[in-house]
**Q** 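Please see the structure below; I have some questions.
For this chain, numbers begin at 1 and follow the sequence in order.
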Amino acid sequence: MQKLFLLVISSLLIFSCKNNPAVPKSRHHLKSDTAMVVSAHPLASKVGIDILKKGGNAVDAMVATNFALAVVYPRAGNLGGGGFMIIRTPEGAAQALDYREMAPAKAHKDMYLDDKGQVIEGLSRNGGLAVGVPGTVAGLYAVWQKYGKKDWPQLLAPAIELAKNGFAVTEAEAHRLNKYKKDFVKYNSDNQTFIKDRWLKGDILKQPELANTLQIIARQGPKGFYEGAVAKAMVDKVNKSGGIMNLSDLKSYTPKFRKPIVVPYKNYKVISMPPPSSGGVALGQLLQIVEAYPIKQWGFHSFKTSHLMVEAEKRVYADRAKYLGDADYYPVPVDSLLNPEYLKMRMADFSFEKATPVSNIFAGKFELHKESFETTHISIVDKDRMAVSCTTTLNSNYGSKVIVDGYGFFLNNEMDDFSAKPGVPNQFGLIGAEANAIAPRKRMLSSMTPTIVEKNGNLFMVLGTPGGSTIITSVFQTILNVVDFDMNMYEAVQAKRFHNQFLPDYIMYEKQCFSRSVMDSLKQAGHHFKQVKSLGIVKAILIKNNTLEGAGDERNKDDDVKGY
Ligand code: DON
């Protein structure tokens, strides 16, 4: 009897899930008809969806979600960092917004080197000298001015409430706050906000100082952040912590609207981020390279497909190291890098039998720095099918760990994304050269790849992820999973991933990514391997038959899709 009852209940549940697309399968997966937000935290997704329900558009929701993440997801959500956005209007016009941090005016090429010309370990990652001039507040204001419909203060109101009244920390956040306690103490002797004997899931985190800062921004816009008391406090704290940022660096910070990188892939159009991110160019190169091969026929994670993808990635990351940087400072050869003839030539020495050996050009022995997924991504689609894809970061978890005294927000350590010295890797093992050398007011090269895909001229997919150097390949694989391997959005996001970035000379892979026989064949071809815990935390929305399918990544428990 009991069994029969359970059977009836479960059939009813399955039936209602199938027939009512608004019933969530899990917090990480949802179908809905009207609008959708996918972010790294349920409270932030709720803020975004509430704005949409109140008649805001995707940009309004994106701005509000970003401010909410600065409160509830302080490892990456931020006021003191920067990011990139791709915006696609309901009419199909696409635009990129660059609000990446800038090097302070006093920055110079050799600022992280000692007398002997060696990189001083940690200097570009910790403390005041790691801080780039933040872009987030100016960027969010600029995109709202251009596209937003709601009043600016309305977009900050939910974040202010969350900061003032506090919110219950998730298990993952409690774990992180405990893990970084030593750093918080080291750089912020006066600030107790994030310090506790031991954080537990459900503990309330209140941030009154941050609430006040958000209130100032709500009233005064970016002026309240880049000038006046907040700016002064930022400069004081950065300098007290060994940095070089000054008031004029802050006052002169400008976000930039840029032409996105647009690359065809089969009957899709991929719209992504131009320099100073390497994301759009590298993603475009990868897609165009694999388009020439029948990977659908070869199959998902088969030897041939995986070998081809890895070989393409090696070449693309080698190009990244040499040619990519802030195009306002260095002539990045975007068109040449995306030229199909060039890409064909780049693959001329590709062999189906053997891994191409890594040349000595960028040789160097190193291990990746042990940080994980500190950036964050938000994907939003509104009722008119305006879409925004946004990736934002402080770089490492809680950035430089430096909190601005009296104003309660973390400052980034984005300066580490510059190449401190040609060939010397940063925390993601990425190397660079002249194109990404440090210069005053230059933007450091990024891998962030907020992306929107069109199919036959219609909005098809909105996606992005954190993951440092692995961002590009995570976005690449997610697109292939849907387009070539017929997965739905949820399956495409959860599928195991791998990554090769030329140097270090190995394939990073998630457990159970390859079958034993594929792994053996790849080894036989000369590939090296390193198993890692996870790669990327993709947040994506797929639009099919006018239904939205949102997927958060099970790799982050707190990822959350909201829709209606
Ligand atoms: O801009 C970049 O490429 C990096 N600062 C992103 C950092 C990141 O994704 C950290 N998470 N792993």
**Q** Between H377 and L463, which heavy-atom pair has the shortest distance, and what is it?
**A**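 Nearest pair, atom of H377 first, then L463: NE2-C, 3.4 Å.
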
**Q** Kindly determine whether D60 and K149 satisfy salt bridge (charged side-chain N to carboxylate O under 4.0 Å, His left out), including the steps that lead there.
**A** CA-CA 7 Å; D60 291 317; K149 287 198 334 201; over 6 Å; no

**Q** Does some side-chain heavy atom of V334 sit less than 4.5 Å from a side-chain heavy atom of P275?
**A**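 SC-SC contact between P275 and V334 confirmed.
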
**Q** Indicate yes or no: does K232 engage D236 in a salt bridge with an N to O separation below 4.0 Å.
**A**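 So K232 pairs with D236 through a salt bridge.
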
**Q** Report yes or no: does Q207 contribute a side-chain atom to a donor-acceptor pair with the main-chain N or O of V71 at less than 3.5 Å?
**A**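 Confirmed, Q207 side chain pairs with V71 backbone.
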
**Q** Under a 4.0 Å threshold between the charged nitrogen and the carboxylate oxygen, would R441 count as salt-bridged to D249?
**A**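 Between R441 and D249 there is a salt bridge, with a charged N closer than 4.0 Å to a carboxylate O.
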
**Q** Among side-chain atoms of E209 and T193, is any donor-acceptor pair under 3.5 angstrom?
**A** no

**Q** Verify whether one side chain among N556 and K539 offers a donor that lies under 3.5 Å from an acceptor in the other.
**A**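 Short answer, no.
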
**Q** List the steps, then state whether ring pair (Phe, Tyr, Trp, His ring centres under 6.0 Å) holds for F225 with Y253.
**A** CA-CA 11 Å; F225 184 83; Y253 181 85; 9.7 Å; no

**Q** Below 4.5 Å, heavy atoms only, C-beta onward: do V133 and M245 meet side chain to side chain?
**A** yes

**Q** Quick one: does any side-chain atom of D384 pair with a main-chain N or O of P90 as donor and acceptor, under 3.5 Å?
**A** no

**Q** Give the minimum heavy-atom separation between Y398 and E173, together with the two atoms involved.
**A** OH-OE2, 2.6 Å

**Q** For a quick check under 3.5 Å, do D114 and Q118 share a side-chain donor-acceptor pair by atom type?
**A**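 No donor-acceptor contact under 3.5 Å links the two side chains.
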
**Q** Salt bridge or not between R100 and D326? Use side-chain N to carboxylate O under 4.0 Å.
**A** no

**Q** Hey, is the main chain of G82 close enough, under 3.5 Å, to the side chain of T392 for a donor-acceptor pair?
**A**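 Judged by distance alone, yes, a pair lies under 3.5 Å.
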
**Q** Under 6.0 Å between ring centres, would you say that holds for Y180 and F410?
**A**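 No.
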
**Q** Taking T34 for the side chain and K383 for the main chain, is one N or O donor matched with an acceptor at less than 3.5 Å?
**A** no

**Q** Do K146 and F257 form a cation-pi contact, if we require the NZ or CZ to be under 6.0 Å from the six-membered ring centre and within 45 degrees of the ring's axis?
**A**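 Ring-cation test returns yes.
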
**Q** Is there a donor-acceptor pair under 3.5 Å between the side chain of Y317 and the backbone N or O of A282?
**A** no

**Q** Can you list the residues that meet the side-chain hydrogen bond (donor to acceptor under 3.5 Å, both in side chains) rule with N126, with sequence neighbours excluded?
**A** none

**Q** Would you find more than 12 non-hydrogen atoms of other residues, nucleotides or ligands less than 6.0 Å from K46 atom NZ?
**A**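 Not buried by this count: 12 neighbours or fewer within 6.0 Å.
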
**Q** Quick one: do D553 and R555 make a salt bridge, cutoff under 4.0 Å?
**A** yes

**Q** Against N395, only a single residue in E101, E374, Q427 fulfils side-chain contact (heavy atoms from CB on, under 4.5 Å); can you say which?
**A** Q427

**Q** Within a reach of under 6.0 Å around NZ of K223, are more than 12 heavy atoms found that belong to other residues, nucleotides or ligands?
**A** no

**Q** If you define the side chain from C-beta out and look only at heavy atoms, does anything of V143 sit under 4.5 Å from M62?
**A**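 V143 vs M62: side chains apart.
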
**Q** Taking W152 for its side chain and Q145 for its backbone only, find out whether a donor-acceptor pair lies under 3.5 Å.
**A**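 Such a contact is absent between W152 side chain and Q145 backbone.
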
**Q** Could you check whether W144 and Y99 have their ring centres less than 6.0 Å apart?
**A**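 Ring centroids of Y99 and W144 are no less than 6.0 Å from each other.
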
**Q** Ring-plane angle category for H41 and F167, please: parallel below 30°, perpendicular beyond 60°, tilted otherwise.
**A** perpendicular

**Q** Please check if the number of heavy atoms outside Y323 that lie under 6.0 Å from its OH is greater than 12.
**A** no

**Q** Looking at L445 and S278, what are the two nearest heavy atoms and their distance?
**A**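 Nearest heavy atoms, L445 then S278: CD1-N, 3.7 Å.
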
**Q** Do NZ/NE/NH1/NH2 and the carboxylate oxygens of R125 and D416 come within less than 4.0 Å?
**A** yes

**Q** If we count only N and O atoms by modelled type, under 3.5 Å, do the side chains of S45 and S39 hold a donor and an acceptor together?
**A**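 S39 and S45 do have a side-chain donor-acceptor pair below 3.5 Å.
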
**Q** Between K256 and D98, does at least one N-O distance fall below 4.0 Å, as a salt bridge requires?
**A**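 A salt bridge is absent here (no side-chain N lies under 4.0 Å from a carboxylate O).
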
**Q** Below 4.0 angstrom, N of the basic side chain to O of the carboxylate: do D328 and R443 qualify?
**A** no

